[in-house]
Structure formats: structure tokens, C-alpha cells
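Working notes for the structure below.
Lettering of chains follows the sequences in order, A, B, ..., and the numbering in each one begins at 1.
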There are 2 protein chains.
Amino acid sequence: MSEFKPLDPLLHSQLRLAVMSLLLSVEEAEFTFLKEKTESTAGNLSVQLDKLEKAGYIEIEKSFRGKRPLTTCKITGKGIKAFEAYVENLKKYIQ
Amino acid sequence: MSEFKPLDPLLHSQLRLAVMSLLLSVEEAEFTFLKEKTESTAGNLSVQLDKLEKAGYIEIEKSFRGKRPLTTCKITGKGIKAFEAYVENLKKYIQ
DNA sequence: TAATTTGGTTTACATTATAAACCTATTTAT
DNA sequence: ATAAATAGGTTTATAATGTAAACCAAATTA
């Protein structure tokens with residue numbers, strides 16, 4: 001009943017979890033949007049996005065808007081599944 | 001609406017959260033009980049219990065059962081409040 | 001043309017988590 | 001009686017993680 005399954009360390013991080021949460025609702029978001037919503041520093045966000053991408057939880061597209069770089073993120077199917085599993089496991093910790 | 005409040009770092013840790021979760025339901029638990037339920041190593045558990053105690057989230061009593069040392073833990077009012085606040089904040093991350 | 005801003009990345013440092021090693025005392029086996 | 005194993009932990013060393021500060025290139029503004 002009260003079994004504590006391991007919590008995916010990639011998701012059990014405040015900033016990465018916030019990012020995933022945002023991406024779940026919007027399905028596509030710019031770096032600056034994520035930065036504002038999460039109130040993180042750019043450096044921290046950059047690092048954490050990298051990790052999520054390497055895990056295959058999000059996809060990152062780099063392009064230009066006008067002449068400036070633009071980084072766009074979207075969650076993947078794998079990311080959605082991982083998030084859902086994480087939430088299911090987490091619930092057993094918090095009832 | 002979708003504001004991400006900071007998650008108490010003391011509780012946003014798999015093992016410490018599991019411990020707090022257990023202590024909430026039983027109100028008093030022995031070291032070995034916590035160790036079995038959380039499937040943690042004694043060393044890790046020892047360290048994490050220390051942190052929870054230093055934060056005032058739990059109380060640790062050391063005594064003897066027969067001739068052997070016995071460590072008993074119980075959650076404090078402060079701990080309960082912190083746990084509840086953590087859960088409230090966390091919910092905004094996971095809907 | 002110098003300073004500031006945008007949109008980030010890289011790097012260095014501090015914190016954290018974890019396992020391994022250790023410790024003291026007790027119990028069991030020889 | 002002595003040695004080996006077990007109980008019930010703590011301490012310490014190392015690896016992993018999170019974060020901010022420093023940095024960079026290009027564009028914009030003063």
C-alpha cells in the first residue's frame with residue numbers, strides 16, 4: 001500500500017518540474033517565457049533544459065526570430081509519460 | 001494561478017519526504033522501522049533524520065530497549081505544518 | 001563608437017545525496 | 001573463553017546536483 005517507489009531524479013527537481021509542468025499545458029514555449037514563469041536565471045534554465053533534452057523528455061529547437069536567436073521547447077511523448085509516472089509515484093508520498 | 005512557489009528543500013528529497021510521510025501516519029517510529037519501510041541504508045537514513053531534527057521537523061529520542069540502543073522519531077507540529085505547506089505548493093506543479 | 005540589451009552558454013563553486021567504512025555493544029557459535 | 005556474526009547505528013569520503021557568476025556574440029540604443 002504505502003510503497004515508496006523511486007522518484008525519477010530528473011523530474012524531482014524544482015526547476016525541471018516547473019518547466020515540465022509548463023510545457024504540459026502549453027505544448028510549446030520559448031526560453032524567455034520559461035525563464036519568466038519559473039523566475040529562474042538563464043544559466044540555470046539552460047542547464048536544466050539540456051538535461052531534459054538529453055533524457056528525451058523535451059525537444060529543443062534553435063532558430064532565429066528576426067536576427068536574434070530563439071530557443072523553443074516542447075514536451076515529448078516520453079516526457080509526458082515520465083511526468084505522469086512521477087506524479088503517480090509522488091502521490092504515495094503525499095497521500 | 002500557475003505560480004511556482006519554492007519547494008522547501010528539506011522536504012523535497014525522496015528519503016526525507018518518505019520519512020515525513022511515514023511519521024505523519026504513525027506519529028512515532030523506530031529507526032529500523034523507517035529503514036525497512038523506506039528501503040534506505042542506515043547511513044543515509046541517519047544523515048537525513050539529523051537534518052529533519054535540526055530543522056525542528058521531527059524529534060529524535062535515544063534510549064535503550066533491553067541493552068541495545070533504540071532511536072525513536074516523531075514528527076513535530078512544525079513538521080506537520082511544513083509538510084502540509086510543501087504539499088500545497090507541490091500541487092501547483094503537478095496540477 | 002561606446003554602452004546597453006537580448007538571448008543565451010560555460011564554468012566554477014557550494015550543497016546534497018549516498019555508500020562505504022567504521023564503531024560499540026551484544027549475541028551466538030566453537 | 002574466544003571468535004565470529006549481528007544489531008543499531010554514526011562518521012567520512014566521494015559522486016552527483018543545483019545554482020550563480022562570468023562570459024560570449026550579435027543587435028540595438030545613446
Inset, instruction - Just compare C/dG8, C/dT10, C/dT16 and give me whichever is closest to any side-chain atom of B/Lys51. - result: C/dT16
Inset, instruction - Respond yes when some side-chain nitrogen or oxygen of A/Ser13 is under 4.0 Å from OP1 or OP2 of D/dG18, and no when none is. - result: yes
Inset, instruction - Please determine, for the side chain of A/Thr71, which listed nucleotide (C/dT10, D/dT10, C/dG8) has the closest atom? - result: C/dG8
Legend entry - Distance in angstrom units between B/Gln14 CD and C/dA17 C1', rounded: 11 Å
Inset, instruction - Ignoring backbone atoms, establish whether A/Lys67 has a side-chain N or O less than 4.0 Å from OP1 or OP2 of C/dG7. - result: no
Legend entry - Options D/dT17, C/dT18, C/dT16, nucleotide nearest the side-chain atoms of B/Arg16: C/dT16
Inset, instruction - Grab the CZ-P distance between A/Phe31 and C/dT6 for me, whole Å please. - result: 14 Å
Inset, instruction - Quick one: pull up CD in A/Gln48 and CD1 in A/Ile58 and give me the separation to the nearest 0.5 Å. - result: 10.5 Å
Inset, instruction - Would you indicate which nucleotide in D/dA20, D/dG9, C/dT18 comes nearest to any side-chain atom of A/Thr41? - result: D/dA20
Legend entry - Nearest-angstrom distance from the residue atom CG of A/Leu70 to P of D/dA27: 15 Å
Legend entry - Atom pair OH/CG of B/Tyr86 and B/Leu10 - distance to nearest 0.5 Å: 11.0 Å
Inset, instruction - Using whole Å, report how far CG of B/Leu34 lies from P of D/dT10. - result: 12 Å
Legend entry - Euclidean distance, atom CZ of residue A/Arg65 to atom P of C/dG7 [Å, nearest integer]: 7 Å
Inset, instruction - Please check the phosphate of C/dT9 (OP1 and OP2 only) for any side-chain N or O of A/Lys62 closer than 4.0 Å. - result: yes
Legend entry - From OG (B/Ser46) to CD1 (B/Ile60), nearest 0.5 Å: 8.0 Å
Legend entry - Rounded distance [0.5 Å steps], NZ in A/Lys35 versus CD in A/Glu30: 13.5 Å
Inset, instruction - Mind calculating the distance between CZ (A/Phe33) and P (C/dG7) to the nearest angstrom? - result: 15 Å
Legend entry - B/Asn44 CG - D/dT14 C1' separation (whole Å): 14 Å
Inset, instruction - On the 0 to 90° scale, with breaks at 30° and 60°, tag the A/His12-B/His12 ring pair as parallel, tilted or perpendicular. - result: parallel
Inset, instruction - Let me know the distance between CZ of B/Arg68 and C1' of C/dT24, rounded to the nearest Å. - result: 11 Å
